[in-house]
Amino acid sequence: MGSINGREQWSGRLGFILAAAGSAIGLGNIWRFPYSVAEGGGGLFVLIYLIFVLAIGLPVLLAELALGRTSQRNPVGAFKALIPGKFWPYVGGLGVTTGVGILAFYSVVAGWTVGYLGKAVSGELLQAQDGETSNAIFTEFVADPLWPILLCGLFLLLTLVVVRRGVSKGIERAATILMPALFVLLILLAIRAVSLPGGIDGFTYLFTPDWSKLSLNVVMGALGQALFSLSLGMGAMITFGSYMSKRENLWQSGIFVAIADTGIALLAGLIIFPALFFANADPSAGPGLVFVVLPTIFNQMPLGALFATAFFSLLAIAALTSTVSLLEVVVAYFVDEKGWTRNRAASFVSGICFALAVPSALAFGAVSGLSGGEDGILPFGLDFLTLNNNIWGNYSLSIGAFLICIAVGWVWGVPKLLAALEDGDDRRFPMPGAPVVGFLIKVVCPLAVLTVLIFIIVTGQYF
Ligand code: TRP
């Protein structure tokens, strides 16, 4: 671990890459991606998502890393330091707020993964022979008024422990063990899933675009998913970049993170959709999709209980390296800007997130008003968790990404961005696409995001 001017740094390039990949890879890939694909009608969503990852995600990722490393600050501090004008620190502030908003529903689903780990160990999951029994297990679990809250609290507590230990000791170490193990396990599961009867249908569903499904909501969902999955639009990568040393090659690290994250999401799709067709499960299962579909393939595997246990352990750790990055953004803000101690900031923020998470934890049957549908009290018939997921995870991130592009492309300027990206001793990997990145950040990304947002406002098709 290094420390420059009292600010901690990653132990090296690998440390950063693992931590950034750890932030990116999480429930977004394995829980959110498959159910967004299902809601978006399959292959078309995947296609648009992939285009957004390349054209918007990757450039915004590089821009955030460059802002962070150059300023060595949290998102608010980074804008204060680099972008002249009173307005810009508020963009950092929106990011910090979004971090709290995302953490307050993400930790609920993360708690579910811990609950499912328990069910895997106890063998209960292996009773899920078909989509129907599996659905019954899930519905009963999430409707409980107590367990989802307790597990969410436990998860936030774990996050707090890691963040209190600091950047390299806590965050890096957790990611180092997880990534390779998760990858290997997902490959094994994908092989099993694709070779199930009906498996090929899932494959086709995932990769064949059905243009009749095209709608604003699909486009918005794919944009939100591309940003969410790469942890963009709220300054998480600004914060992580701020712990990078000047020696490292940002360009190469950024590309690696984007490929790893997208690869894991596609792998998750290759597990869930074949399994879904095999189990005859309901593709519109919403946030429960993964929890309903997966147990049915463990049931079909030799050593299923062992695979289930390994899977939910790894998923919980993957979620932990993501919640850590969310909490870290808010903590870095209080430490850098308000002079709080790391301990105090981490405890305070995770406490707030827990309080805000409670209604999401109760939104699946425990409190009917929060559960969406006809008698729900919430707009658009959404449950409280999904509403938050859409507001913070799609809209807020998109607005954030738009403003980051304007700040970097038009105020800070493309030459400074490119110089910051190239800064580093390791020049073995040149930047063949540098001018393209400049054009994307300056013109394509802001225009694309703005167009989608304007269409949505004008037509009123929010969710
Ligand atoms: N990217 C993570 C996932 O896919 C979630 C996440 C962590 C995130 N940090 C973030 C999302 C910052 C948006 C912004 O699970």
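Quantities reported herein were computed from a predicted structural model and do not represent experimental measurements. Numbering starts at 1 and runs along the sequence shown. Both ligands and their constituent atoms are indexed starting at 1 by order of listing.
- Under a 3.5 Å cut-off, the side chain of W31 and the backbone N or O of P287 do form a donor-acceptor pair.
- Checking E328 against Y333 by side-chain atom types alone, no donor-acceptor pair falls below 3.5 Å.
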Dump all N/O pairs between ligand 1 and the protein below 3.5 Å as a table: atom names plus distance, one pair per row.
residue  : atom   : partner : partner atom : Å
ligand 1 : 1 (N)  : S23     : O            : 3.2
ligand 1 : 1 (N)  : A24     : O            : 3.1
ligand 1 : 1 (N)  : F228    : O            : 2.8
ligand 1 : 1 (N)  : S229    : O            : 3.1
ligand 1 : 1 (N)  : S231    : OG           : 2.9
ligand 1 : 4 (O)  : A24     : O            : 2.8
ligand 1 : 4 (O)  : G28     : N            : 3.3
ligand 1 : 4 (O)  : N29     : OD1          : 3.3
ligand 1 : 9 (N)  : S231    : OG           : 3.3
ligand 1 : 9 (N)  : S325    : OG           : 3.0
ligand 1 : 15 (O) : L27     : N            : 3.1
ligand 1 : 15 (O) : G28     : N            : 2.7
ligand 1 : 15 (O) : Y106    : OH           : 2.4

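- Under the 3.5 Å distance criterion, with hydrogens and angles disregarded, no donor-acceptor pair is assigned to the side chains of N389 and T386.
- Taking the ring centre of F228 as origin, the terminal cationic atom of R32 falls inside the region bounded by 6.0 Å and 45° from the ring axis.
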Check: residues 347-360 side-chain donor-acceptor pairs under 3.5 Å, at least two apart:
residue : atom : partner : partner atom : Å
S347    : OG   : N343    : O            : 2.8
S350    : OG   : A346    : O            : 2.7
S350    : OG   : S347    : O            : 3.3

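- With 3.5 Å as the limit, one finds a donor-acceptor pair spanning the side chains of D261 and N29.
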